[in-house]
Enquirer: 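Shown below is the structure under consideration.
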Amino acid sequence: MQYQNREVEAVYFIPRLRLWFNESSMYPFIGGDSLWRGRIPERNLIPSINLILPYTSPAFIRDSNKEAILELSKTCIENSINILSSLETLFHKINERNLSLISLGQVITTPRYPDHGKDIIYDLNLTPTHYLKNDLELLSRLSSIIRS
């Protein structure tokens with residue numbers, strides 16, 4: 001501000017950022033970019049894409065190594081598992097029943113589910129963490145090709 005001859009009362013510095021992440025949109029079943037499949041969902045579950053592996057290739061992350069993208073993806077899925085596990089435990093304690101996909105809207109305003117493609121149907125009686133553990137296993141299978 002001195003260089004521009006401006007009077008200020010306080011100054012703070014925002015570094016030049018290459019990427020900006022909205023953390024909640026990275027977490028499957030909690031956030032994500034909505035996907036329109038041509039029909040209104042039967043439930044309040046919104047098909048979405050999380051911009052992490054194994055749901056999509058995060059092409060917007062440039063000048064980063066594959067290992068870091070793999071670790072970011074793994075961390076996002078693990079964080080989602082931790083958050084949803086806590087919700088499942090508390091929901092069970094309060095309601096004496098499991099928090100399944102069908103009841104996810106009772107604890108999350110706009111629950112989402114990772115879109116795996118057409119004609120892939122989720123069992124609404126299973127928990128979100130059940131599916132996230134499967135996705136974590138899938139990510140683990142992909143890790144050997146990413147690390148090579």
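Heavy-atom basis, side chains included; hydrogens, waters and symmetry copies ignored.
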Enquirer: Do Ile77 and Pro54 touch side chain to side chain, with heavy atoms closer than 4.5 Å?
Expert: yes
Enquirer: Which residues pass the ring-ring contact (aromatic ring centres under 6.0 Å, His included) test with Tyr131, not counting sequence neighbours?
Expert: Tyr122
Enquirer: Output all residues satisfying salt bridge (charged side-chain N to carboxylate O under 4.0 Å, His left out) with Arg37, sequence neighbours left out; order by chain, then residue number.
Expert: Asp115
Enquirer: What about Met26 and Leu138, same hydrophobic cluster or not, with Ile/Leu/Val/Met/Phe/Trp/Tyr joined at side-chain heavy-atom distances under 4.5 Å?
Expert: no
Enquirer: Applying a strict under-4.5 Å side-chain criterion to I, L, V, M, F, W and Y, I'd like to know whether Val107 and Ile81 cluster together.
Expert: yes
Enquirer: Under 4.5 Å between any side-chain heavy atoms of Leu51 and Thr56, yes or no?
Expert: yes
Enquirer: Would you say the side chain of Leu53 lies within less than 4.5 Å of the side chain of Ile146, judging by non-hydrogen atoms?
Expert: yes
Enquirer: Can Glu137 and Lys133 be counted as an ion pair, charged N to O under 4.0 angstrom?
Expert: no
Enquirer: Specify the closest pair of heavy atoms between Ser34 and Arg112, including all atoms of both residues, with the distance to one decimal.
Expert: OG-NH1, 2.7 Å
Enquirer: Determine whether Lys74 and Leu136 make a side-chain contact, defined as any pair of heavy atoms from C-beta on separated by less than 4.5 Å.
Expert: yes
Enquirer: Please find the pair of heavy atoms, one from Arg141 and one from Ser144, that lie closest to each other, and give the distance.
Expert: O-OG, 3.5 Å
Enquirer: If I take atom CD1 from residue Ile49 and atom OG from residue Ser25, how far apart are they, to the nearest 0.5 angstrom?
Expert: 12.5 Å
Enquirer: Check the hydrophobic clustering (I, L, V, M, F, W, Y; side-chain heavy atoms under 4.5 Å; chains of links allowed) and say if Ile83 and Ile46 are grouped together.
Expert: no
Enquirer: Rounded at 0.5 Å granularity, tell me how far CG in Asn82 sits from CG in Leu87.
Expert: 11.0 Å
Enquirer: Show, in sequence, the C-alpha distance, side-chain angles and deciding distance for Asn134 and His130, and conclude whether the side chain to side chain contact (heavy atoms under 4.5 Å, CB included) test is met.
Expert: CA-CA 7 Å; Asn134 288 340; His130 170 81; 3.8 Å; yes
Enquirer: Find out whether Cys76 and Asn50 are in side-chain contact, i.e. whether some heavy atom of one side chain is under 4.5 Å from a heavy atom of the other.
Expert: no
Enquirer: Run the numbers on Leu124 and Leu45 for side chain to side chain contact (heavy atoms under 4.5 Å, CB included), then give the verdict.
Expert: CA-CA 10 Å; Leu124 298 178; Leu45 289 169; 3.6 Å; yes
Enquirer: Working to the nearest 0.5 angstrom, can you tell me the gap between Phe21 CZ and Phe60 CZ?
Expert: 5.0 Å
Enquirer: What is the distance from atom CG of Leu84 to atom CD1 of Ile108, rounded to the nearest 0.5 Å?
Expert: 5.5 Å
Enquirer: When clusters are formed by joining ILVMFWY residues with side-chain heavy atoms under 4.5 Å apart, either directly or through shared neighbours, do Leu19 and Leu72 land in the same one?
Expert: yes
Enquirer: Is any side-chain heavy atom of Pro114 less than 4.5 Å from a side-chain heavy atom of Phe29?
Expert: yes
Enquirer: Can you check whether His116 reaches Asp135 side chain to side chain, under 4.5 Å on heavy atoms?
Expert: yes
Enquirer: Walk me through it: do Leu101 and Tyr113 pass the test side chain to side chain contact (heavy atoms under 4.5 Å, CB included)?
Expert: CA-CA 9 Å; Leu101 290 179; Tyr113 68 90; 5.6 Å; no
Enquirer: In Å, rounded to the nearest 0.5 Å, how long is the span from CG of Asn44 to CD of Gln106?
Expert: 9.0 Å
Enquirer: For Ser80 versus Pro28, what's the shortest heavy-atom pair and its separation?
Expert: OG-O, 2.7 Å
Enquirer: Quick one: does Glu88's side chain have a donor or acceptor within less than 3.5 Å of a partner on Thr129's backbone?
Expert: yes
Enquirer: Measuring from Leu132:CG to Ser85:OG, what's the distance to the nearest 0.5 Å?
Expert: 8.5 Å
Enquirer: Has Ile145 got more than 12 heavy atoms of other residues, nucleotides or ligands less than 6.0 Å from its CD1?
Expert: no
